[in-house]
Amino acid sequence: MEASALWISHSSSIPTTIALLSSNTRWKWRFASNKNWPSIHSRRCFLVKNVASKKKPSPSIEQELDSASVASSIKFHAEFTPSFSPELFEFPKAYHATAQSVRDFLIINWNTTYDYYEKMNVKQAYYLSMEYLQGRALLNAVGNLELTGAYAEALQNLGHALEDVAGQEPDAALGNGGLGRLASCFLDSIATLNYPAWGYGLRYRYGLFKQLITEDGQEEVAEDWLEMGNPWEIVRNDISYPVKFYGEVIEGTEGKKEWVGGEDIVAVAYDVPIPGYKTKTTINLRLWSTKVAAEVFDLAAFNAGDHPKAYEAMKRLKQQYTLCSASLQDIIARFERRSGDSVDWEKFPEKVAVQMNDTHPTLCIPELIRVLVDVKGLSWIEAWNITKRTVVYTNHTVLPEALEKWSLSLLEELLPRHVEIIRMIDEELINTIIGEYGEEDLELLKEKLNEMRILDNIELPSAVIDSLVKSQESLVKNVIEEEEKEDEEGKEEEVKEEAESVEVIEATAEEKSDEPENEDEQAEEVEVVKAKDSPLTKVTSTFEPDPKQPKLVRMANLCVVGGHAVNGVAEIHTDIVKKEVFNEFYKLWPEKFQNKTNGVTPRRWIGFCNPELSKIISNWTGSKDWLINTEKLGELRKFADNEELQSEWREAKMIRKKKIVSFIKEKTGYVVSPDAMFDVQIKRIHEYKRQLMNILGIVYRYKKMKEMSAEERRERFVPRVCLFGGKAFATYVQAKRIVKFIADVGATINQDPDIGDLLKVVFVPDYNVSVAEVLIPGSELSQHISTAGMEASGTSNMKFAMNGCLIIGTLDGANVEIREEVGESNFFLFGAQAHEIAGLRTERAEGKFVADPRFEEVKAFVRSGAFGANSYEELMGSLEGNEGYGRADYFLVGKDFPSYIECQDRVDEAYRDQKNWTKMSILNTAGSSKFNSDRTIHQYARDIWSIEPVVLP
């Protein structure tokens with residue numbers, strides 16, 4: 001690559017040179033400037049050079065850049081990429097200038113990565129997710145680039161601390177839960193491991209919402225995270241694709257389908273570079289934004305719907321299709337470009353893997369078929385086979401309500417061509433099921449189709465009805481022939497029959513009054529009987545849809561049918577997927593189903609958010625290699641009893657606890673003691689996650705404290721700070737009641753002078769990734785207490801374990817594997833197991849459940865008015881009764897409550913022995929190596945995507 005230069009005139013007295021150094025494809029920034037802050041009134045010459053050298057490689061970024069060069073880059077962006085007034089260099093401006101400086105390096109590596117992938121034309125994976133919760137990018141980016149020291153020193157010289165500047169960054173609000181946090185961990189690992197893969201998502205203007213905690217509970221306000229712009233994103237105005245809605249399907253010449261009319265929008269690409277750790281590889285997260293304003297984009301949906309629920313459903317479906325359509329058009333364009341003049345569509349699955357993160361991108365399946373058939377001219381069989389070899393599906397839930405089902409009428413209105421394609425896929429599936437189970441036993445076939453069909457409560461295709469009728473006719477014919485054959489063989493019985501005929505005649509005479517009065521009536525009756533028993537009637541009545549039930553499209557079933565692999569995200573979850581959620585599919589295609597236990601990136605979740613612990617781990621394991629080879633964490637086991645390590649470990653934990661104390665005071669006004677145990681439950685508020693059981697346990701603890709003298713309390717209970725965090729969906733009324741109840745309990749306990757620092761309860765508002773990065777490193781006990789069999793995996797449990805936090809939990813999700821890895825004695829286990837849950841619910845429905853007296857006691861205490869005028873009857877009532885909506889304790893809080901509070905007593909006892917507690921903490925970190933997203937991504941790449949690492953030269 002030859003040297004080149006671009007001169008740009010700017011106003012400055014200082015000539016600043018920014019050189020791009022390249023050895024092969026490795027680029028570097030070089031900054032030259034004096035130490036003076038440039039004047040905005042004089043002239044600057046800006047030189048960009050590309051310098052090639054074949055003699056020796058260029059130095060690494062870390063070698064090339066010192067703090068003075070970094071400071072020069074930051075100052076340059078403060079002046080020439082302005083979003084703020086020039087007079088001051090305060091926090092917001094400092095953050096944006098610093099982020100833009102870091103982005104320069106990322107763009108260089110991003111371009112190099114992209115160019116090399118284009119040149120090599122390797123198979124590439126594409127991760128489609130409706131959510132990406134990355135958290136703040138600045139510290140992660142400089143950490144992965146190994147520039148933390150240079151940036152910290154540069155900012156210090158400019159009057160700011162790196163941590164304070166990083167704190168100005170809002171969390172990117174690209175989702176609302178664990179699905180998005182997992183997806184972001186995966187992108188970090190993909191880049192770090194040099195796998196050729198991209199992420200695709202949506203550029204949400206607003207996040208879920210910003211959560212406020214008031215005396216009324218949770219309040220939601222708009223989360224405008226893009227208010228001051230996003231310095232990490234790069235708009236690609238030259239990369240945009242049309243996305244169509246509504247319209248109609250017409251049939252042209254030779255039977256070719258064409259989707260015409262309707263509403264057309266344009267999806268524009270915004271790219272976010274994702275750097276790997278200690279590698280030049282920088283992959284891409286491409287987010288789609290529409291050019292149509294939200295109020296215009298959704299106007300037709302709003303007018304068509306009679307109520308906000310219909311509007312919201314239409315908007316969500318539009319979002320999902322926009323992601324699928326724009327992403328697939330982009331993927332196909334890249335495949336065609338890399339293929340050159342000879343595009344072989346049969347090779348598409350050899351170059352492309354499309355990973356659907358849960359059911360939200362399910363429309364990828366009919367959309368890929370639509371493009372291949374309607375636009376590229378392939379046959380149905382060709383397109384269907386290519387799609388099945390390209391697409392794969394990760395299931396993230398066993399909750400029936402979370403397995404998406406869309407209204408058929410809504411889909412037909414919005415995406416008429418896709419419904420046609422889905423009907424064809426459904427018919428293919430029906431024929432496969434018939435091929436497996438036959439056409440003779442209609443009841444068995446009905447059972448299988450009800451379980452497996454993509455179209456739920458929708459009539460069978462006419463071709464299938466015809467086939468079944470013919471089969472039943474053939475079956476009837478065979479029966480008649482068999483009966484005739486038996487009649488011939490039974491002629492020897494005729495004599496006996498004649499002897500009995502007298503009795504038959506007499507009986508007939510007695511019943512004659514009940515017979516039709518004439519032959520015509522008799523003939524009519526025979527015809528009615530024949531009609532009722534006809535094969536056509538039998539088939540249509542057996543498979544007739546229920547007019548009282550909605551007609552639905554089951555997206556999860558479409559995912560299983562349309563992809564070549566289906567994976568769960570924890571061993572117990574995958575087992576449930578095989579045995580319960582998709583059991584019929586598993587019996588049909590067992591080779592499709594795999595387990596890929598989730599993981600989290602150790603860079604963000606220990607390395608960068610817990611520097612004190614990271615330093616200790618590096619010192620005791622001999623290097624920082626554990627950040628990319630977490631098996632080395634296991635070396636800590638041999639030092640678990642070492643008093644020096646334990647002392648350092650407790651000191652690091654205390655530093656992080658004190659940060660939590662400051663954070664809580666800033667966010668809530670509450671003052672808590674760092675000497676107390678920090679007991680934390682942070683996750684989305686949902687009944688199955690059982691925050692209600694946690695707060696009832698706290699209420700029981702508080703009640704017992706109040707019944708004791710001050711001396712008895714201190715002797716009986718370990719001081720605790722109980723922290724909650726998480727958002728309840730705005731329409732999830734019961735979850736919002738739980739939030740208010742927690743806040744009310746906290747308000748009472750925290751102001752009780754009898755209790756003091758012995759017990760504090762704090763609901764931390766607006767939980768997000770950045771809040772987690774504060775709370776997790778300082779936590780000592782973490783609660784993962786969902787009803788067994790209902791949590792797919794969980795990833796926060798992995799983050800807590802990595803940071804040496806002990807877990808109290810059920811055998812649910814990844815808890816099962818965490819307990820195996822860290823050791824049973826280092827995990828506080830309680831509660832019913834997954835295989836017991838169905839029986840316990842049946843027992844409850846039959847009225848056989850008898851509540852523990854302690855559970856009745858705590859409910860009565862809540863109702864007594866101890867926490868204000870509210871009796872919380874809706875919450876307490878949900879835990880009572882044997883049946884009914886919102887009743888009967890579906891999530892088994894009452895059943896597990898005794899086991900839970902007894903387990904909490906064991907926690908208190910263990911915490912009193914700080915030496916052993918610290919050992920348990922060390923062993924949790926040592927045993928967490930399996931729960932590294934690098935391991936998970938290696939497994940996806942090898943077993944599902946079939947891609948290999950591509951290391952840049």
Side-chain angles (χ1 to χ4, degrees), residues 127-129 177-179 182-183 186 354-362 364-365 388 391-405 429 432-433 436 447-454 456 553-599 686 688-689 784 786-795 797-798 810-818 820 832-838 841 891 930-931 935-936 939-940 943-945:
Y127 196 85
L128 271 64
S129 177
L179 200 70
L182 176 73
F186 278 4
V354 175
Q355 177 71 58
M356 300 182 296
N357 190 29
D358 216 354
T359 55
H360 310 130
T362 305
C364 281
I365 295 169
K388 288 190 292 184
V391 176
V392 289
Y393 162 53
T394 298
N395 172 273
H396 284 281
T397 183
V398 300
L399 296 176
E401 64 269 23
L403 293 172
E404 285 188 306
K405 298 177 183 179
L429 173 63
T432 300
I433 295 169
E436 182 74 14
E447 177 188 331
K448 301 301 179 183
L449 292 177
N450 284 347
E451 183 71 22
M452 302 175 71
R453 279 192 69 186
I454 297 164
D456 183 27
V553 181
R554 297 189 281 201
M555 308 305 272
N557 289 21
L558 178 54
C559 287
V560 175
V561 175
H564 67 83
V566 178
N567 72 278
V569 291
E571 288 177 1
I572 187 174
H573 169 239
T574 301
D575 195 47
I576 293 171
V577 164
K578 291 177 180 179
K579 293 180 179 178
E580 297 178 24
V581 182
F582 298 126
N583 181 247
E584 294 297 338
F585 289 108
Y586 176 64
K587 288 189 286 188
L588 186 62
W589 299 308
E591 71 282 356
K592 279 192 179 189
F593 290 81
Q594 305 182 25
N595 176 60
K596 297 289 174 279
T597 298
N598 283 340
H686 197 293
Y688 88 85
K689 294 178 184 288
H784 303 272
S786 52
T787 311
M790 302 199 75
E791 184 75 82
S793 169
T795 52
N797 45 7
M798 302 171 183
T810 53
L811 284 178
D812 194 27
N815 281 0
V816 177
E817 294 163 76
I818 291 174
E820 291 172 355
Q833 297 187 29
H835 69 273
E836 300 174 302
I837 300 301
R841 286 178 177 147
F891 301 100
K930 175 181 176 179
F931 308 103
R935 184 265 313 152
T936 313
Q939 292 177 345
Y940 273 100
D943 302 336
I944 296 180
W945 302 336

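What you are looking at is a predicted structure, and each value in this text was computed from that prediction instead of being measured.
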Handout entry: Side-chain heavy-atom pair M798, S793 within 4.5 angstrom cut-off
Key = yes
Problem - Single hit among D943, V566, V392, T574 for side-chain contact (heavy atoms from CB on, under 4.5 Å) with Q594 - result: D943
Practice task
Report the C-alpha separation of D456 and V553 in whole Å, then their side-chain angles, then the decisive distance to 0.1 Å, and conclude whether the side chain to side chain contact (heavy atoms under 4.5 Å, CB included) test is met.
Solution key: CA-CA 6 Å; D456 183 27; V553 181; over 6 Å; no
Practice task
Could you tell me whether the side chain of V560 reaches within less than 4.5 Å of the side chain of Y586, counting heavy atoms only?
Solution key: no
Fill in the blank from the handout: On a heavy-atom basis, the closest approach of R841 and M790 is NH2-SD, 3.5 Å
Problem - Residue K587 excluded, over 12 heavy atoms near NZ under 6.0 Å - result: yes
Exercise for the section: Taking the side chain as every heavy atom from C-beta outward, state whether H784 and T810 have any pair of such atoms under 4.5 Å apart. Expected result: no
Practice task
Decide side-chain hydrogen bond (donor to acceptor under 3.5 Å, both in side chains) for N357 and T394; before the verdict, give the C-alpha distance in whole Å, the side-chain angles of both, and the deciding distance to 0.1 Å.
Solution key: CA-CA 5 Å; N357 190 29; T394 298; 5.2 Å; no
Practice task
State the NZ-OG1 distance between K448 and T432, to the nearest 0.5 angstrom.
Solution key: 14.5 Å
Fill in the blank from the handout: When rounded to the nearest 0.5 Å, the distance separating CG of L182 from CG of N598 is 4.5 Å
Practice task
Over 60° means perpendicular and under 30° means parallel, so classify the ring planes of F891 and H686, tilted if in between.
Solution key: perpendicular
Handout entry: Any F593 side-chain heavy atom under 4.5 Å of N567 side chain
Key = no
Exercise for the section: Please round to the nearest 0.5 Å and tell me the distance separating atom SG of C559 and atom CZ of R554. Expected result: 13.0 Å
Exercise for the section: For the residue pair F582 and F585, categorise the inter-ring angle as parallel (less than 30°), tilted (30 to 60°) or perpendicular (more than 60°). Expected result: perpendicular
Practice task
Would you kindly say whether N797 and T795 are connected by a side-chain donor-acceptor distance under 3.5 Å?
Solution key: no
Handout entry: Heavy-atom pair of closest approach, residues I944 and H564
Key = O-CE1, 3.4 Å
Handout entry: Pair K930 + E571, salt bridge at N-O below 4.0 Å
Key = yes
Problem - OG-CG distance between S129 and D358, expressed to the nearest 0.5 angstrom - result: 8.5 Å
Exercise for the section: Could you tell me which non-hydrogen atom of L811 sits nearest to which non-hydrogen atom of V816, and how far apart they are? Expected result: C-CG2, 3.7 Å
Practice task
Output, in order, the C-alpha distance, side-chain angles, deciding distance and verdict of salt bridge (Lys or Arg N to Asp or Glu O under 4.0 Å) for K578 and E584.
Solution key: CA-CA 8 Å; K578 291 177 180 179; E584 294 297 338; over 6 Å; no
Fill in the blank from the handout: Closest non-hydrogen atoms of P361 and M356, given as atom of the first, atom of the second and distance, are O-SD, 3.5 Å
Practice task
Kindly indicate whether the side chain of T359, heavy atoms from C-beta on, has any atom under 4.5 Å from the side chain of Y393.
Solution key: yes
Problem - Side chains of L403 and N395 in contact at under 4.5 Å (non-hydrogen atoms) - result: yes
Fill in the blank from the handout: Correct closest heavy-atom pair for C364 and L128 would be SG-CD2, 3.2 Å
Exercise for the section: For residues T787 and I837, determine if any side-chain heavy atom of one lies less than 4.5 Å from a side-chain heavy atom of the other. Expected result: yes
Fill in the blank from the handout: Rounding to 0.5 Å, atoms CD (E436) and CG (L588) come to a distance of 5.5 Å
Fill in the blank from the handout: When every non-hydrogen atom of A834 is compared with those of I572, the smallest separation belongs to CB-CD1, 4.1 Å
Handout entry: is_close_aromatic(Y940, F186), centroid dist under 6.0 Å
Key = yes
Practice task
Evaluate side chain to side chain contact (heavy atoms under 4.5 Å, CB included) for H573 paired with D812, printing each intermediate quantity in order.
Solution key: CA-CA 8 Å; H573 169 239; D812 194 27; over 6 Å; no
Exercise for the section: Could you go through the side-chain hydrogen bond (donor to acceptor under 3.5 Å, both in side chains) check for T597 and E817 one step at a time? Expected result: CA-CA 9 Å; T597 298; E817 294 163 76; 2.8 Å; yes
Practice task
Flag the pair L449 / I433 as yes when at least one side-chain heavy-atom distance between them is below 4.5 Å, and no otherwise.
Solution key: yes
Problem - Check against side chain to side chain contact (heavy atoms under 4.5 Å, CB included), M555 and K405 - result: CA-CA 6 Å; M555 308 305 272; K405 298 177 183 179; over 6 Å; no
